[in-house]
Amino acid sequence: MMPFCGSFSAFVTPAEFFLLINASVALLVEDLPSTIFSTSAAIPLTFTSRFYCSVTVFPDFFFYRSCVSVFVMSVQPVGTNDVSAMDVDNPSRRPPSSTKVVPPLFNFPKEEPRTFTAKDLIAILSLYNASFKRDEASGESRMPTQAEASSSEALKILNGTSSRKRMVFRYWPRDPKGKNITPANTLPGKTAPNGLQLWGATIFDFYRVNRMPDVTSLSTITTGSKLMKWMKANGEIDYAKDEIAWAEMEEDPKVIEPWSPDAQIQEMEENVRQGKAGTSMPKDTKGKKVSTECLFDPANYPSPWPLVPFSHETERLTSIIDLNHLPKKLVVHDPWNLLVVQSENVFGRAKPYNGEEWTSMEDVTHIYRLQLSTHGVKRAKAEAEERSKAQKIEVHIDELKDDPLKELSSVEKETALEGYLIRPPAIPGPVEPPIFVVHGPPPRPHPSACKAGVPIEEAHLYLSPKHAIGVGNHSVVYQAEWELPRAAVVPPSSADYILCEQCVDADIARIIREEDGEHGERKDQKWMEKSGEVKIVPEGRPSVVFHVVERENLDKLDSEEGQFETQDCTYRAEYIGPVRPIRTTVEWQDPVNPTCPHLRPLPEIPPTVRMRVIGKLSLKHDEHLVREAANYESFEKHMFQHWSGFNVLPPMHDPIPVGALVPQFYGYYVPESEFDDEDEDEENMEGNDEDLGYLSPILLLEDCGSPVDPKELTYDQKNEALSLIYRFHCAGWAHGSIYPRNIVIQPGPISAPPSLRSNEDPSFRLIDFGRSYQCKDEHGHVRPDWRGDRCHEESSVEKLFGMGLYSD
């Protein structure tokens, strides 16, 4: 491909727009920003920093929302400064602050305009700024061709780890005569439950602002929601109308639920039925009756279940289970005696493992019980009370379902109908009244169905030496299979009676023919009038047009050159008007035994589901594991949750996703003998311990991936991993063990199906809290070693990732 022309047009998304700008523009910002981004009403946004920088690529800013945008831009070459001659890493080669440098935009050889994809432009411009190709005669950088930009040598540069993808680039305009923004008069903005002041739904919701309007060289990072409140409270609204309007439409923080494994579990179960996965356990249940006492009785399982442990790949358990819902009883299957962990040999009296199959070993089981700390007991009680209140609300709603007209007026009683609307086509404009299918209320749920969200009385755990993943100074870690009642993981959909839509459609068509005639000759005129209307209603923020301008040209925004449009909203069709009610004669069906030919009986399903978790065992007489469990029980709920949006937290300057901080906690379990012998004297307890042999307590946690390798992380990934310690400190905790093995990474985002996750958007988590402590003691006093430990940990993690004071 020929080199780029002097002007060009390209269609890109907002994220690609910033990729394009970053790939092609170097900025010098000393006293005033030199390149400004502005909304359509001349509202400036800016990259502001105190050093000469070459800004690199951005990914899609809208991580949890769709972004459909078009950008058309035509730029003429400006200036003649040679970007490639400026060494951004060598301060001695930067121009002095008194020199005004106009950064060249797209200074390409003049040719006829042609259209390129955003990917082409980003790649070629990034390589140009990296001096990928040089002219042999002059030694200066030249624009690489598309073929050169696709070479393996170029891809190494484009996929490098030094690219910076998240930063604050918008600038909030101030009234030159406005008040100073001070800590005393600042106002809170939107915050996630972690309490950090700077939260934004997207990268577009962070700004740099001049707290003192007349001191333009001093800027502070903040958020649109904070600034909007302050500007309204202080009457400074004329200078930032578009920014205020944008901030008013910002979404509130919301929990991002991890991807539900329901579909994967059901797919795996179908593979098991077809013999494609899993191996059946040898069993003889002939003549045995279904057990009502124990859910895990083999007689309760349809063939080919139950399965041999670890005979098929299980899904990771990522959901939160309240402390008061954790299994009270844990049956541990340990054929290799892995629970007998001793200091002289971390595997204790474990049997040697030579690749034996599970079925070749004699199953050894131990009964464990859930043990909560004092704080954990209080928290479990609080969770139970909170859930009880929620259940009372659900009961009230159920009562209304029994009599849906109970609280309606007499007029509403005459018109209230139960059914669903057959939606008209999503085409805006007048339409005939659509059909509203009227049906009776569904029967009660199937009596055999068990509800989700109830306390789990019993669970089973399976341990194998083949799945040992770590040995530390104080513990041994395994990937384990945790078998839970099915309703605790997969919603019991079989409880819902079904109304066959195909039968309903055929029934409605029959009724219409009888009422209107075969060809509609008897159709009432009111059903033919277009008395209703379909409207397309936007949801979320509307489109916003941004401009790229020089500061001196802020008052000249009549031209459409240098602008792009961001569209961060979705649309839904909404019908307004009358409907034609038709009551169907189709009856509800039991999904277990359907009566119509369109529905197949539900396949038999096992009463339990096995999920993958981490099982952590402890050396004898070591207290780290019990302390770690107590710390998990003391962590605030938000530390386990994934939240939308981003935080900027000191001393960092870049937005960071607000993911979960720690793994999910699934309980701390001790051998049942420790409960049985509580009242016995110490001598008897020691004798029993020797007779029974030492059995390690078990800490069950979410499997959050593998330890990070700092050398393999990109700039933004290092920033996100680094932020875990800062967030942990902001939550009032010191970690006590800063090592790469205690920061784990897995493909993300966690809200996406496993098949769609990647290492480009990973999820990080902090682990190993055996040495962690809260900064305040039980009396609310700050511990004397807190400040020193905090400083040491932040310095250690910065050194680990080569960031902050240890950055290149």
Sub-4.5 Å side-chain heavy-atom contact between [X] and [Y]:
X: I725; Y: L766; answer: yes
X: E257; Y: H642; answer: no
X: V215; Y: N210; answer: no
X: W172; Y: Y239; answer: no
X: W259; Y: S751; answer: no
X: L227; Y: V209; answer: yes
X: I743; Y: I767; answer: no
X: N719; Y: M652; answer: yes

**OP:** Could you tell me whether Q746 atom CD has more than 12 heavy atoms of other residues or ligands within 6.0 Å of it?
**Re:** yes
Original post:
For Q197, does the CD atom have more than 12 heavy-atom neighbours from other residues, nucleotides or ligands under 6.0 Å away?
Top reply: no
Subject >> By ring pair (Phe, Tyr, Trp, His ring centres under 6.0 Å) - contacts of Y773 (at least two apart) >> reply: none
Subject >> Test ring pair (Phe, Tyr, Trp, His ring centres under 6.0 Å) applied to W230 - qualifying residues, sequence neighbours left out >> reply: none
Subject >> Interatomic distance, Y207 atom OH to S219 atom OG [nearest 0.5 angstrom] >> reply: 15.0 Å
Original post:
Can you tell me how far the CD atom of E636 sits from the CD atom of Q641, to the nearest 0.5 Å?
Top reply: 10.5 Å
**OP:** Verify whether the ring centers belonging to H781 and W786 lie closer than 6.0 Å.
**Re:** no
Subject >> Validation row, ring centre F769 to ring centre F728 under 6.0 Å >> reply: yes
Do any N or O atoms from the side chain of [X] and from the backbone of [Y] form a donor-acceptor pair under 3.5 angstrom?
X: R170; Y: F204; answer: yes
X: N647; Y: L198; answer: yes
X: R757; Y: P762; answer: no
X: N234; Y: E236; answer: no

With a 3.5 Å cut-off and no angle check, do the side chains of [X] and [Y] form a donor-acceptor pair?
X: W733; Y: N631; value: no
X: Y726; Y: E793; value: no
X: W246; Y: E248; value: no

Subject >> F665 vs F635, ring-ring contact (aromatic ring centres under 6.0 Å, His included): CA-CA, chis, key distance, verdict >> reply: CA-CA 10 Å; F665 172 68; F635 289 158; 9.1 Å; no
Subject >> N180, D214, I181 screened by side-chain contact (heavy atoms from CB on, under 4.5 Å) with R174, the one that passes >> reply: I181
Original post:
Applying the side-chain contact (heavy atoms from CB on, under 4.5 Å) test to K190, which of M228, E250, E251 qualifies?
Top reply: E250
**OP:** Identify whether the distance between the nearest side-chain nitrogen and carboxylate oxygen of R572 and E574 falls below 4.0 Å.
**Re:** yes
Subject >> Residues forming a side-chain contact (heavy atoms from CB on, under 4.5 Å) with R787, sequence neighbours excluded >> reply: V782
